[in-house]
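Each remark here refers to the structure printed beneath this line.
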Amino acid sequence: MSTHLDITLTVNGERVSRRVEARRHLVDFLRLDLGLMGSHAGCEHGFCGACTVRVDGAVVRGCLVLAAALDGAQVETIEGVSDTGEIRELQEAFIARNAAQCGYCTPGMLLTAAELLRQNPAPTREEIREHLSGNYCRCTGYHAIVDAVAAAAARRQSGVDGRASEKEAITTADARPPTADRLER
Amino acid sequence: MDEIVDPRSVDRPNSYIGKSVPRPNVKKLVEGRGQYVDDIVLPRMVHVAFVRSPHAHARIAGIDPAEALAVTGVLRVFTGKDLEPHCDPWVAVLAHLKGMKSAPQRPLPIDRATWVGEAVAAVVAETRASAEDAAAKVNVAYEPLPAAVDMETALEPGTHVIHPDLGDNLCFQRVNESGSVDTAFAAAHKVVEATFHTARHTGLTLEPRSILADYNRASGKLTVHHSTQAPHMVQGVFAQHLRLPEGDVRVICADVGGSYGIKVHVYPDEVAVAAIAKIMARPVKFIADRLESFSSDIHARDHRIKGRMAVDADGRIAAIDIDDLTGIGPYSVYPRTSAVEGNQVVNLVGGPYDFANYRARTTVVFQNKTPTCQYRAVGHPIATAVTEGLIDLAAEAMGLDPVEFRRRNLMADGSYPRTSPAGMKFEGLSHFASLDKLLAMIDYPALRAEQERLRGAGIHRGIGLAAFIELTNPSPFMYGIGGARISAQDGCTVRIDPDGSVVAATGVTEQGQGTEGIIRQIVAEGVGVPIEQVRVITGDTLTTPYGGGTWACRGAGIGGEAALQSALAVKEAALRVAAAMLQSRPEALDLAGGEIVERGTGQSGGRSRLALSELARIVYFRGDTLPPDLPRELMQTRHFITKEYPFAFTNGIQAAYLEVDVETGLVKLLRHWCVEDCGRIINPLLVDEQVRGGIVQGIGAALYEECPYSPDGQLLIGSMADYLVPMAAEMPDIEVGHVETPTRESLLGAKGAGEAGTAGAPAAIMNAINDALRPFGAKVHAQPFTPERILAALGKVPAI
Amino acid sequence: MKAPPLSYVRAATLTEAFQLWRGAGPDARLLAGGQTLLATLAFRLSDPGTLIDISRLRELRGIAQVGTAAVRVGALTTHAELGRHELIRSHVPLIAEAVPLIAHPAIRNRGTIGGSLAFADPAAELPACCIALDAAVIARNAADERRIPAAQFFTGLYTTALRPYELIAAVEFPVAKAGERAVILELARRSGDYAMAGIAAKARLAGATLVDPQIVFFGLGERPVLAQAAMAAISGQQVLAGTIAAAQAALATDLDPPADQHGSPQTKRHLAGVLLARALKRMAGIEDARAA
């Protein structure tokens, strides 16, 4: 029974050993003890999803898990899944579709979307919205995020270079007439 | 939306303006490698937690920090008295808002706490956790005082006056009047009226307010990493109030996790942090947690508006008369003031419409509640809801389709320039073109037919329209003339580096809307280099020209114009040097794709004569080979300020299509559309996404968001379980279209777009709900339109 | 919003858990999924002093059939595991239908059925489902095990029939019988929110009549409410406009909802009536344009 504990766990494939305060939650452990700043704290009571990380293969709220409880666990953060290339299609779709604005919700959003695509490789827009319903974004209004996840799913489904289906998945509006060039003085 | 473009495949070299070029900074964000303030760790950094008042109004009889200081890891406890010698108070008024008054405010109060959540003491500790442990142990002796919590009675004799020196609880009052309103109402064919409520709500930026202030006593320099929209303004405020030269204060904002106006204000607790850093001479970090954010971030939009509209027999608006009441906090917020929202309501009601007789009054009263100030679309959502609500009531009273009623009353395209009855100057708007485009997008007849068919099956859908105007590109007429040190001009420095790459430093800032992206596009096109060769620096008072930051949709129109002009100036300077090097004339040359070319007749320009990198090499390292008197300034700075119009007004129109479950009051959003005219569009993708995000924020106001208070001033929400924000499952797909009416005030012709979505969405939702409820004769005008309010309107539950 | 200082210890076996618990005292809290506990600690609403982590106790895991008539679900079963387990989907379909309504995927990956029942939030889905299904809570202390029928388990606001130093070991659900219909409907402002009002109901459909209905409301009182008057009104009846109205009227006896952020008692009563009608129609297989 102790206010501080020694834990050893694997984070992004690296074994780490630290002494932690019993009360420290996982996202604070990642940020304060390991310097992994990609996971964010937005509410610290499990609602916003900014802290979403993977523990033993499943996405969890990093603010609702104690580091002390994770001795022997496998933790993956946005940095880790970026470096392995696992979510490359999702990240490229987010960039292309501007599904990240301020970026604060993005790591949690990507990890949650990655879990969706693993469980359901061809989700409908409604299924995407439902699965992401616990990840708060204030900037995008979600439409672009849904487009990006759908595009990434389509790209994976169609194989190596599914550019055509990626474009279909992005909703389009009418083309805009070109404006006159007024830049020359 | 235009196809998202690969920057290398543009049809003309470097013609990036108008193209949906992906932003350069998103890659780091999707990899979790951004840099927000809380990501910064400095040596000997300490953490602050605040002790916050549990009372809406109380005298602070004493603060005993002894128990708190005994907690392991705690270094200091500061009170208002401790900070007083180090920091001057401020008063947030604007001279041009005549009669406005407010009381001096300090970083920590000395005598009284005046709202629940006001910081009264600061604990400094080695960790945030131990600071919180200690904050719970600071013993504050409060003597509760009566609180003023009902804005309807704020000015009545029995209500406690919060600041006796001010005489009453009135912050500001104004009547904006033109024409003969009473005559028009007396002669009206029909008069419609309603009382509207917009709810007090808060921005809930996902990254909370964050500040890390570091004072180096040896050098006398204060460096502040701040999640803010306006670093130069903050620099000025800290310099002024902490009595430092501006040159010794540096404010840096790297990645900001959402702002929407919440982070453009001066917060007393953040000033306290800077003062503490100055006293302790070490890095001091404060990250607001979600709980304290609810009561300490600024609130907005707490209004009750009585509105009347007079209509003549032809269905033309004869007059509009509104009476707006808003309850702010106990202090006006610095430096933008808490009267601007009410002032904008009286400036903007009726905005899109052609009528002559107008009267609008705003009364802004102090309350013992969280202070309020500018939040995305400031005043516009309120003005638009009132206007569009009255329009729909008038249409119904006249037996006219809401589209037809608008057609009879919108200001005609081509009727500009003109000034509205509220005194707003319009350079050029496109209400009719936008309306026509919207109706085509939504297929209005098909929606009406579907609505009719489903009504027969007991399914109640509604179509709601909302036309709006939106102010952008503000001039000093907004703040400067009132004495606020808020800059309406902006600057950009563009520099060519020896390898031919280009660096642009700008005074406008990035919070995710894409500022860096559009500046990059503008500079790349202005100079004539491939976009990958351009780097943009924002958010650092030390390294960027003096500017105003990002607010009131000024980034593209003002910051972008400064960037364009400086880019063109750099190009001109480079061509001067090139002409000398090539024995040609500047007029015969051009810069395209990073090459000096002969100005050709074809689209792709002529033959390349010289690489820009070679020109730069010569200028920087072999200046001896150039004519001695030749100017060779490959770094140019230009500042831009608007000239003729106080604001570049934009216009738009939205439509909402939704379904109301009349048994439960739940609203299902089916689709949403917006046609927006923001002048020349620099990046269609980014504009569309700003519109979408803004619409969803407006939906939050319409359906979910509310900060209710108890009769004794307790804030009744404190978590994201009770403060509801829009989440993905309930939001509709949003289709955006555009009309482009450029402004002639600048070369670029760009107006702003960031707030338009929020301006119109609540009105569109309200009108759609009321359209759905039309068969029942039920109407709702109080936001948020909760299930209970809808059920009460339907008579299924008692009125609230 | 950092948790107050606390001590942490992890139990390797159930026996050890009880020993640690006695040692730490009655204020100590058991940590299973932590999805509720850690949020309350962030708000400093509780100061337990000691957390005893029981999340790795194998004795509290697993889903297995018990004879032919019941399915036993270990208390540490996460909501996610519950929702996808074959035995639950085939034999306790109401639970499989309820799981997607609980919060969001990340919460469901760690939150447990034992945690949900022990916390006894009045707006939670699983407690109401357990009552509707006549489930039994298997409670263990250091010495013994006992069965507590779900209808007797929830005794008040966030209060259960668990005694000091007693924990939930498992929940036993009767296997769904032929002809049985079960439904869960909730009205929520947003997906995953606590319900403004919810109903979990079970009945046997014999021809066109509902037999042995079990109707439970959640979000409408301090604990799930077994609507006995409404049940009596509809028992043995066909689902028609008249019988629905009678059952709705009977709710006046069953429900006394307090006001909350979503509405007044009258609003809550109204919503309960709407849910009752929809649930009855759903169980009777009657098409309703207004699915909740």
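Here is the naming used below: chain letters follow the sequence lines, and residue numbers restart at 1 for every chain. The analysis underlying the following values was restricted to heavy atoms, covering all of them including side chains, and did not include hydrogens, waters or symmetry mates.
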* To do: Measure the CD1-CG distance between C/Ile215 and C/Leu280 for me, rounded to the nearest 0.5 Å.
  => 5.0 Å
* To do: In plain terms, say whether B/Glu659 and B/Arg461 are close enough for a salt bridge, that is, a side-chain N and a carboxylate O under 4.0 Å apart.
  => yes
* Asked: Side chain, backbone, both or neither: which part of B/Ala729 has an atom under 4.5 Å from a heavy atom of chain C?
  -> side chain
* For C/Phe43, is it the side chain, the backbone, both or neither that has a heavy atom under 4.5 Å from a heavy atom of chain B? -> side chain
* **Side chain, backbone, both or neither of B/Leu724 within contact of chain C (heavy atoms, under 4.5 Å)** => both
* C/Met231 vs C/Gln214, side chain to side chain contact (heavy atoms under 4.5 Å, CB included): CA-CA, chis, key distance, verdict -> CA-CA 7 Å; C/Met231 284 154 57; C/Gln214 188 91 324; 3.5 Å; yes
* Structural part of B/Arg789 lying under 4.5 Å from a heavy atom of chain C -> neither
* **chain C contact via B/Val71 - which portion, at a heavy-atom distance below 4.5 Å** => neither
* Asked: With a 4.5 angstrom heavy-atom cut-off, which part of B/Met731 approaches chain C: side chain, backbone, both or neither?
  -> neither
* Please check if any side-chain donor atom of C/Tyr194 sits under 3.5 Å from a side-chain acceptor atom of C/Glu186, or the reverse. => no
* Among residues 242-270 of chain C, which ones touch chain B with a heavy-atom distance under 4.5 Å? -> C/Gln261, C/His262, C/Gly263, C/Ser264, C/Gln266, C/Thr267, C/His270
* Asked: So which of B/Gln451, B/Arg671, B/Glu450, B/His672 actually passes side chain to side chain donor-acceptor pair (under 3.5 Å) with B/Tyr657?
  -> B/Glu450
* Give a yes or no on whether a salt bridge exists between B/Asp289 and C/Lys2, defined as a side-chain N under 4.0 angstrom from a carboxylate O. => no
* Between B/Tyr723 and B/His201, ring centroids under 6.0 Å -> no
* Asked: So which part of B/Glu132 gets closer than 4.5 Å to some heavy atom of chain C, the side chain, the backbone, both or neither?
  -> both
* Check each atom of B/Leu703 against the heavy atoms of chain C and say whether the ones under 4.5 Å are side chain, backbone, both or neither. => backbone
* Asked: Among B/Asp133, B/Leu666, B/Leu291, which has the most heavy-atom pairs under 4.5 Å with chain C?
  -> B/Asp133
* Asked: Do B/Arg290 and B/Asp722 sit within salt-bridge range, that is, some charged N less than 4.0 Å from a carboxylate O?
  -> no
* Asked: Where on B/Ser719 is there a heavy atom nearer than 4.5 Å to chain C: the side chain, the backbone, both, or neither?
  -> both
* To do: Please look at B/Ala721 and chain C and tell me whether the side chain, the backbone, both or neither of the residue comes under 4.5 angstrom of a heavy atom of that chain.
  => backbone
* Asked: Just checking heavy atoms, which of residues 44-52 of chain C are less than 4.5 Å from chain B?
  -> C/Arg44
* Under-4.0 Å salt bridge between B/Lys285 and B/Asp38 -> yes
* Does some side-chain heavy atom of C/Leu210 sit less than 4.5 Å from a side-chain heavy atom of C/Gln237? -> no
* **Six-ring centre of B/Tyr267, B/Arg209 cation under 6.0 angstrom, axis tolerance 45°** => yes
* Short side-chain to backbone donor-acceptor contact, B/Arg52 and B/Val116, under 3.5 Å -> no
* Side chain proximity check, C/Met196 to B/Pro787, heavy atoms < 4.5 angstrom -> yes
* To do: Begin from the C-alpha positions of B/Glu663 and C/Arg278 and carry the test salt bridge (charged side-chain N to carboxylate O under 4.0 Å, His left out) through to its verdict.
  => CA-CA 11 Å; B/Glu663 288 184 331; C/Arg278 293 181 183 182; 2.7 Å; yes
* State whether a side-chain donor-acceptor pair under 3.5 Å links B/Glu705 with B/Thr202. => no
* Asked: So which part of C/Ala188 gets closer than 4.5 Å to some heavy atom of chain B, the side chain, the backbone, both or neither?
  -> backbone
